[in-house]
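To start, the structure under review is shown below, and the notes come after it.
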Amino acid sequence: MQILHGRFKDRGIIAGFALAVPDQSEYAPIIEQAQSLGIKPVVFSSEKIVEKPISLQQQRWGLEDDSGNDTLIGAALALTQEQTGWKTIVLISLANLLVEAPEVYGSLELYRRESLDACFADERVPGAGWAIFSHELLIGLWRSHEDLMWARGGFAWALKKPLYPFKLGSWHCPRVRPRIFTDLRLNSERLQHVMSAVSYSNFFNSSFSYENWLADSDWESHYCSYAPMVIKLEPTNDCRAACFNCPHENMQRERKYLPPDLANSLIAEFSAGDDVSWVLSGMGEPLLHPQIAAILQRLAVFPVTMQTSLQQLPKEPDFPWFALDHLRISTDALAREGFDQIRSGCSWDNIEQFLALAREQKKAFPDRFPETGISMLRHLHSEFHLQPFLRYWKQVSRPVFRENFFRWPFDMPPEPVQWYQILGEAEYGRQGSRTSKVDFTPVKRRPCRHALLSATVLADGSVTICPYDYEGAHVLGNLHEQTLRQIWKSPAAEAFRRQHLQMKFAESLPCSSCRDWYHPL
C-alpha cells in the first residue's frame, strides 16, 4: 500500500485515494495504516460475498490468459464510488506492485477521449494491470444486478459477457510480457521471496518502469530457484499399450513402480500453501500403480492433474477421484473405429465406462469430481479425424473457460467434460520423428518452462531435466539420496536453469535442438 501510494501521490490529477476492505478484524492494522497515509477506508460486509466454486476459480486451471480480475467484487467498487462521489475510479489491487504511474495516466487520457465506460490494461500479466470504471457503470450494475456485484468474478463476467452495450476499451501497452509464464501478483511466498531478493532503484517512486524491471532486475533467477511450480511425477513407467509413435517400446529403463515411502517423503516436502501443482504422467499408465489411490489421497490438498489412457479402471468403489482437479484422457480418436489401431493395448470400453461415471458424479458432486478433458494427438493416422472430433465436442460440451470461469447461478450443473484439445506430436528427443503435416512449434524460441519451473521425477526416484527424457539420461539427482528441494537448488540445477535463461545450451544436452520446449505435457 505504501509503495503504490508513493507511485501516485505526486500527480495532481488524482483526486484522492480509497481502500476497499472487508469488515474482518485481521484488516484493522491495514485500515489504520491507510488512514495514516490519508487514504479513505471503505469497509464492506464480508458476509454478503458469494464465493465461487472451486471448479470456477482460474488458479485451478492455471491458464496463461488469467487477467487478474477473477476475484473482483463489484459491490466493493460501487460502495467506494457511492461514499467518495468520484466520477471515475482507477482500480489497482494491492497485490499489483508492478503497475507504473505514467501508463495509468496514459490510459486515463484514452478513457476520457473515447468516452469509455471502462478501460483495461491489455497485454500485461497479473501483477501489472489496472482498470478504470465510470460511476454510471458501477452504480448501474449495482442497482440492476446486486447479486452479480457481490459474487466473486461476477462484475468482470458481466462486463465480458456483456450484459449491456457498455463502451469498453483497452489500454494497448507495448506488448512486454515475461519470457516465462507467471503470475506476478504479490499473493504467494514465492513472490514475497522475489520482491525481497530483487533490488531495483526506482521501485518505490513514480518513475518505476515495468518494462525495465522485467529486463534488468534479474527477477527470473530468483523466481525459478525458489522451488518448482510443477512436479511431474511418474508413478510407474509400466504400460500395456503400443500407441503410434510412442517411444515406450524402445525404452531401456527397467520397469518400476514409485515406492510409496519415497512418494510420501516427496509430498511431505511441500504444503498446501506452496504454489506447487502436481501432474501424474510419465512413460507409464499412472492407474497401473498398485498404490495409486494412497498416493492420490496424500496429494489431495494440492492442485493435481492426471494424464491417463484408462488402460485399467480402479476396482475400489471408493477410489479417491475427488483428490484430482483435472483428468486428461488420451483418446486420439472420436469413436471405437480406428482407436485400436492408433492406441493398441488401450480400452475404448474403459473410456466409455468412465465418461458414464463422470456424468453421474458431476451431477452429484459438481465441484468435487475432477474436471475431465479429452485429448487427441495430431499425427499421421489422426489427421482425418480432427474436424469431426472438434465438431462433436463443440456440440456436447461447454468448457467452463468459455464463460470466463463463471457460471450463473452457481448451482447450474457443470458439463461432464470440461475441455477438449488437439495436441501437437512430441519428438521425445528423437529428431524428425513427427509425422503430422502441421508443425505446432512456435517460430521464436523462448526459455523452456519445463526446464525453469518443472521438476520431473521418474519412477526410480531420479529427477531429470525434462519430461521428454524418457530414458532418464540427464539426471540432476535422486530422491533416494537427496530431497527434491536440495536437488532443485543444487549447483547443477542452478547452472542448467541459467543456460535456459541465457538461451545458451551446452552441446552435451539435447536442449539446443529440442522442438518440444513449448509442449504442454
Not counting sequence neighbours, which residues clear side chain to side chain donor-acceptor pair (under 3.5 Å) with Q57? List them please. Q59

Can you classify the ring geometry of F401 versus W61 as parallel (below 30°), tilted (30 to 60°) or perpendicular (above 60°)? perpendicular

Under the 3.5 angstrom rule, does the side chain of R515 hit a backbone N or O of F440 as a donor-acceptor pair? no

Within the 4.5 Å heavy-atom criterion, are L79 and E82 side-chain neighbours or not? yes

Taking the six-membered ring for Trp, are F406 and W408 parallel (under 30°), tilted (30 to 60°) or perpendicular (over 60°)? parallel

Please check if atom CD in Q24 has more than 12 non-hydrogen atoms from other residues, nucleotides or ligands closer than 6.0 Å. yes

Taking the inter-plane angle between the rings of F270 and W278 on a 0 to 90° scale, is it parallel (under 30°), tilted (30 to 60°) or perpendicular (over 60°)? perpendicular

Taken to the nearest 0.5 Å, the spacing of W219 CH2 from L184 CG works out to 5.0 Å

Closest non-hydrogen atom pair, G477 against Q482: CA-OE1, 4.4 Å

Would you indicate whether E109, at its atom CD, is surrounded by more than 12 heavy atoms from other residues, nucleotides or ligands within a distance under 6.0 Å? no

Basic-acidic side-chain contact under 4.0 Å: D367, R60: no

I'd like to check K362 versus T372 (side-chain heavy atoms, cut-off strictly below 4.5 Å). Are they in contact? no

Pairs meeting criterion salt bridge (charged side-chain N to carboxylate O under 4.0 Å, His left out) with involvement of residues 24-41, two or more places apart: none

Got a second to check how far L4's CG is from Q2's CD, nearest 0.5 Å? 10.5 Å

Is it true that a side-chain atom of E269 and a backbone atom of L484 form a donor plus acceptor pair closer than 3.5 Å? yes

Are any of the side-chain heavy atoms of I487 and L479 separated by less than 4.5 Å? yes

Is there a side-chain contact between Y223 and L452 in this structure, where contact means two heavy atoms from C-beta onward sitting under 4.5 Å apart? no

Check whether any side-chain N or O of R152 sits under 3.5 Å from a backbone N or O of I49 as a donor-acceptor pair, and report yes or no. no

Look at the side chain of S397 and the backbone N and O of K394, then say whether any donor-acceptor pair between them is shorter than 3.5 Å. no

So, do T456 and H450 sit near enough that their side-chain heavy atoms are less than 4.5 Å apart? no

For the CZ atom on R402, are there more than 12 heavy atoms of other groups (residues, nucleotides or ligands in this structure) within a distance under 6.0 Å? yes

With a 4.0 Å cut-off, would you call K87 and E136 a salt bridge? no

Shortest non-hydrogen contact from A506 to Q499? N-OE1, 2.9 Å

Under the ring pair (Phe, Tyr, Trp, His ring centres under 6.0 Å) rule, collect the residues that match up with F133, sequence neighbours excluded. F120, F155

What is the distance from atom CG of L108 to atom CD1 of I132, rounded to the nearest 0.5 Å? 4.0 Å

Do other residues, nucleotides or ligands put more than 12 heavy atoms under 6.0 Å from the CD atom of E403? yes

Report the distance from atom CD1 of I465 to atom CG of L509, rounding to the nearest 0.5 Å. 5.0 Å

A272 to F302 - nearest heavy-atom pair and separation: N-CE2, 4.1 Å

For residues Y468 and H519, is any side-chain donor paired with an opposing acceptor at under 3.5 Å? yes

Below 30° counts as parallel, above 60° as perpendicular, anything between as tilted: where do the rings of F369 and W321 land? tilted

Ring-ring centroid check H500 F505, cutoff 6.0 Å: yes

Please report the interatomic distance CD(E189) to CG(D274), rounded to the nearest 0.5 Å. 6.0 Å

Would the number of heavy atoms belonging to other residues, nucleotides or ligands and lying under 6.0 Å from NZ of K167 be above 12? yes

Is the Lys NZ or Arg CZ of R446 less than 6.0 Å from the centre of Y518's six-membered ring, within 45° of the axis? no

Quick check: are there more than 12 heavy atoms from other residues, nucleotides or ligands sitting under 6.0 Å from CG of L37? yes

Residues E100 and R124 bridged, charged N to O under 4.0 Å: yes

Look only at the side chain of D469 and the backbone of H474, and say whether a donor-acceptor pair between them is shorter than 3.5 Å. yes

Heavy atoms only: give me the nearest Y210-L98 pair and the separation to one decimal. CB-O, 3.7 Å

Could you give me the CA-CA distance, side-chain angles and deciding distance for W142 and Q81, then say whether side chain to side chain contact (heavy atoms under 4.5 Å, CB included) is met? CA-CA 11 Å; W142 170 254; Q81 193 282 326; over 6 Å; no

Within a radius of less than 6.0 Å around OH of Y105, do more than 12 heavy atoms belonging to other residues, nucleotides or ligands occur? yes

Nearest heavy-atom neighbours spanning F8 and A101: CE2-CA, 3.5 Å

Within-4.5 Å side-chain heavy-atom neighbours: R179 and M503: yes

Side-chain donor or acceptor of R449 paired with backbone N/O of S454 under 3.5 Å: no

Counting N and O atoms only, with roles assigned by atom type, does the side chain of D325 sit under 3.5 Å from a partner on the main chain of V304, one being a donor and the other an acceptor? yes

Parallel, tilted or perpendicular: rings of F44 and W150 (30°, 60°): tilted

Between N96 (side chain) and G129 (backbone), is there a donor-acceptor pair under 3.5 Å? yes

Student check: side-chain heavy atoms of V194 and Y226 closer than 4.5 Å: no

Between I89 and H135, is a side chain to side chain contact (heavy atoms under 4.5 Å, CB included) present by the stated rule, with each step listed? CA-CA 7 Å; I89 285 183; H135 71 289; over 6 Å; no

L280: which of T305, L299, L327 passes side-chain contact (heavy atoms from CB on, under 4.5 Å): L299

Measure the shortest side-chain to side-chain distance between P366 and P413 over non-hydrogen atoms and say whether it is less than 4.5 angstrom. no

What I want to find out is whether E220 reaches R497 closely enough, with some N-O distance under 4.0 Å, to be called a salt bridge. no

Find the distance between SG (C119) and OH (Y111) and round it off to the nearest 0.5 Å. 9.0 Å

Looking only at the side chains, is there a donor atom on one of E371 and W419 sitting less than 3.5 Å from an acceptor on the other? no

Whether over 12 other heavy atoms sit under 6.0 Å from R398 CZ: no

Please evaluate residues D183 and D275 with respect to the criterion side chain to side chain contact (heavy atoms under 4.5 Å, CB included), reporting the C-alpha separation (whole Å), side-chain torsions for both, the decisive distance (0.1 Å), and the verdict. CA-CA 11 Å; D183 180 343; D275 59 337; over 6 Å; no

What closest approach, in Å, do D516 and A426 show between heavy atoms, and which atom pair accounts for it? OD1-CA, 3.5 Å

Main chain of N202, side chain of S207: is a donor-acceptor contact present, judged purely on distance under 3.5 Å? no

Has K52 got a side-chain atom pairing as donor or acceptor with Q58's backbone, closer than 3.5 angstrom? no

Could you go through L148 and L141, starting from their C-alpha distance and side-chain angles, then the distance that decides it, and tell me whether this counts as side chain to side chain contact (heavy atoms under 4.5 Å, CB included)? CA-CA 8 Å; L148 280 175; L141 279 175; over 6 Å; no

